[in-house]
Amino acid sequence: MSLLSWAAIAVALAAFIGAFFALPDRWFCGLLALACMLGGADSVYRELTMWAIAFLICGVLFSGAAAHAVYADARGRRQR
């Protein structure tokens, strides 16, 4: 396994372990987006096109979820 694969697995494990200890949604989704992007980069390096596309799409979705969580948290703070 390449270093990119190990980094993606480590970041994903950190996200899931953090979820058990009440990691905020914005951090959880951000870490999963990073893991997907690292996995996508590894797939591109290995020339696995369909896996790369799948990882990159998942990374974009998790990035959007993280951005939504940041926006919702900021909006909730303004309304208090």
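Excluded from the calculations below are hydrogen atoms, water molecules and symmetry mates; all remaining heavy atoms, backbone and side chain alike, are included.
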**Prompt:** Linking Ile, Leu, Val, Met, Phe, Trp and Tyr by side-chain heavy atoms under 4.5 Å, what else ends up with Trp51?
**Reply:** Leu48, Phe55

**Prompt:** Which residue pairs satisfy the salt bridge (Lys or Arg N to Asp or Glu O under 4.0 Å) criterion with at least one member in residues 51-67, sequence neighbours excluded?
**Reply:** none

**Item:** Partner set under side chain to side chain contact (heavy atoms under 4.5 Å, CB included) for Ala65, not counting sequence neighbours
**Value:** Cys29

**Side-chain cluster (under 4.5 Å, hydrophobic types only) that Tyr71 belongs to, other residues** = none

**Message:** Just checking Met1: does its CE atom have more than 12 heavy atoms from other residues, nucleotides or ligands closer to it than 6.0 angstrom?
**Reply:** yes

**Message:** Show me the pairs that pass side chain to side chain donor-acceptor pair (under 3.5 Å) and involve residues 56-68, at least two apart or across chains.
**Reply:** none

**Asked** Applying side chain to side chain donor-acceptor pair (under 3.5 Å), which residue pairs with at least one partner in residues 32-43 are found, sequence neighbours left out?
**Response** Ser2-Asp42, Ser5-Asp42, Asp42-Arg46

**Request:** May I have all residue pairs that pass salt bridge (Lys or Arg N to Asp or Glu O under 4.0 Å) and include part of residues 9-25, sequence neighbours excluded?
**Result:** none

**Request:** Hey, could you give me each pair passing salt bridge (Lys or Arg N to Asp or Glu O under 4.0 Å) that has a residue in residues 10-20? Not counting sequence neighbours.
**Result:** none

**Request:** Please report the closest heavy-atom contact between Gly30 and Ala66, naming both atoms and the distance.
**Result:** N-CB, 3.7 Å

**Message:** Apply the hydrophobic cluster definition, ILVMFWY joined by side-chain contacts under 4.5 Å directly or through others, and give me every member besides Val60.
**Reply:** Met37, Leu56

**Fill in**
By side chain to side chain contact (heavy atoms under 4.5 Å, CB included), Leu13 pairs with (sequence neighbours left out) Ile9

**Fill in**
Residue pairs meeting salt bridge (Lys or Arg N to Asp or Glu O under 4.0 Å), one or both in residues 4-13, sequence neighbours left out, come to none

**Message:** To check you understand the geometry: which heavy-atom pair defines the closest contact between Gly59 and Ala33, and what is its length?
**Reply:** O-CB, 3.7 Å

**Message:** Starting from Leu23 and following side-chain heavy-atom contacts under 4.5 Å between hydrophobic residues (I, L, V, M, F, W, Y), which residues can be reached?
**Reply:** Leu4, Val11, Phe16, Trp27, Phe28, Leu31, Leu32, Leu34, Leu38, Phe62

